[in-house]
**Q** 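The structure that follows is given in the form of structure tokens.
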Amino acid sequence: MSENSVTAIASPNIAFIKYWGNRDPALRLPANASLSMTLSNLQTTTTVIFDDRLEADQIEIDGSPASAKAASRVTMHLDLIRTLSGVPAFASMRSQSNFPAGAGIASSASAFAALTAAASNAAGLELDKKQLSILARRGSGSAARSIFGGFVQLFSGEVNEDGYAEQLAPAEHWHLVDLIAVVTKEHKSTGSSAGHLLAPTSPIQAPRVQDAARRLETCKDAILQKDFRTLAQIVELDSNLMHSVMMTSEPPLLYLEPESISVMKHVTRWREAGLDVCYTIDAGPNVHCICSFEDSHEVEHQLRSIDGILDIYRCSPGNGVALTANNEQAPQ
Ligand code: DP6
């Protein structure tokens with residue numbers, strides 16, 4: 001086959017209603033449905049080319065050859081695409097993010113959304129967004145949501161084909177801001193994939209999952225009606241529930257650092273004082289402060305006065321995955 005070099009760009013997302021635990025770890029079918037906002041400004045750009053002359057996949061992440069662990073995860077995903085497309089060739093993959101991988105921002109979401117779009121297109125597959133979402137989920141659960149922009153829901157799915165995301169509202173619907181307070185840049189010791197496996201060991205996981213549909217509906221309505229106060233309550237409850245599951249699993253997972261708790265307490269006080277702001281935290285210690293655009297500058301100003309915050313990233317609702325315009329469409 002002639003080589004087709006295809007580049008795709010995707011952004012990470014922050015889950016307002018989180019998934020934690022997989023009902024089927026091999027297929028990455030999540031234990032519960034989830035809802036997120038895709039983030040502007042942060043991007044992963046990935047180029048893939050399948051080449052008959054290669055003797056193995058060549059995988060470069062952020063300018064260096066990928067670690068064995070990262071490379072094997074990418075190769076597994078490329079294998080899925082080789083099976084679906086019937087293209088047997090090895091691939092060269094180059095991926096570059098404009099945010100540090102250790103910053104606690106879900107880089108696997110943007111990475112696998114961009115990889116799925118670039119590699120499936122390079123292999124000649126013509127997938128719609130729903131199919132891309134199903135495939136991206138196989139690489140990383142949250143990547144299924146980064147296929148779409150704005151506000152996005154991921155269904156839990158009984159079987160592979162049901163586990164896809166869809167857009168709830170476009171990015172322009174509501175100008176929320178996510179101020180990500182970075183409190184450590186160290187790589188987390190337990191990644192999400194290992195963490196998901198521990199979820200069923202917590203006595204709180206079953207009730208958390210059981211109540212997830214209700215939380216998701218409340219969150220969805222709050223977004224559609226732009227009701228910040230209801231959104232704030234449900235987002236914080238959902239994040240606290242997930243961290244309770246993490247802390248009560250065997251062995252326990254404690255992602256929060258003293259600085260994370262400090263930001264959480266400040267956010268609660270600021271909201272009581274009238275600012276539209278709430279917190280949510282993924283599988284790491286960094287705190288996402290979700291706020292209205294109107295209050296975001298005041299919140300950022302206040303955040304800068306807290307000790308222990310190393311950096312603040314400002315994001316708005318962003319776009320879903322896209323191929324870049326200059327892809328070489330070599331003749332087949
Ligand atoms: C806490 O999508 O990172 O961010 O499939 O192992 O890559 P993998 O898991 P991942 O899990 C996301 C966990 C979360 C919550 C969420 O985004 O819903």
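In listed order, ligands and their atoms are each counted from 1. Note that this is a predicted model, so its numbers are computed, not measured. Residue numbers start at 1 and run along the sequence shown.
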**Q** For ligand 1, which is the ligand I care about here, please tell me if S193 has any N or O atom under 3.5 Å from one of the ligand's N or O atoms.
**A**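 By distance alone, the answer is yes.
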**Q** Ignoring hydrogens, just give me the one of F16, Y19, Y255 whose non-hydrogen atom is nearest atom 18 (O) of ligand 1.
**A**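 Among F16, Y19, Y255, the closest heavy atom to atom 18 (O) of ligand 1 comes from Y19.
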**Q** With heavy atoms of R73 as the reference, note each atom of ligand 1 found under 4.0 Å away.
**A**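 So the atoms of ligand 1 that pass are 6 (O), 7 (O), 8 (P).
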**Q** Between G139 and ligand 1, is there a nitrogen or oxygen pair with a distance under 3.5 Å?
**A**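 Among all N and O atoms of G139, none is under 3.5 Å from an N or O of ligand 1.
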**Q** For atom 17 (O) of ligand 1, state which one of K18, R145, R137, H243 supplies the nearest heavy atom.
**A**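 Going through K18, R145, R137, H243 one by one, R145 has the nearest heavy atom to atom 17 (O) of ligand 1.
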**Q** Just distances here: any N/O of S192 and N/O of ligand 1 closer than 3.5 Å?
**A**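 The answer is yes, given that S192 and ligand 1 share an N or O pair closer than 3.5 Å.
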**Q** With side-chain contact (heavy atoms from CB on, under 4.5 Å) as the test, would you mind laying out the steps for S260 and Y279 before giving the verdict?
**A** CA-CA 10 Å; S260 325; Y279 63 78; over 6 Å; no
**Q** Counting heavy atoms only, which part of S108 comes closer than 4.0 Å to ligand 1: side chain, backbone, both or neither?
**A**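 The part of S108 near ligand 1 is the side chain, not the backbone.
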**Q** Considering residues at least two apart in sequence or located in another chain, which fulfil the side chain to side chain donor-acceptor pair (under 3.5 Å) criterion with R94?
**A**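 None.
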**Q** Look at E166 together with R145 and state whether they make a salt bridge at an N to O cut-off of under 4.0 Å.
**A**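 Between R145 and E166 there is no salt bridge, as every charged N stays at least 4.0 Å from the carboxylate O atoms.
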**Q** Compare all side-chain heavy atoms of L84 with those of L135 and state whether any distance is below 4.5 angstrom.
**A**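 They are in contact (side-chain heavy atoms under 4.5 Å apart), so the answer is yes.
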**Q** Could you work out, with salt bridge (charged side-chain N to carboxylate O under 4.0 Å, His left out) as the rule, every residue matching E217, not counting sequence neighbours?
**A**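 For E217 the salt bridge (charged side-chain N to carboxylate O under 4.0 Å, His left out) partners, ignoring immediate neighbours, are K220.
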**Q** What about the rings of Y164 and F155, do their centers lie closer together than 6.0 Å?
**A**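 Y164 vs F155: aromatic centres under 6.0 Å.
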**Q** Taking distance alone, with no angle check, do S140 and ligand 1 share an N/O pair under 3.5 Å?
**A**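 Yes, S140 has an N/O under 3.5 Å of an N/O on ligand 1.
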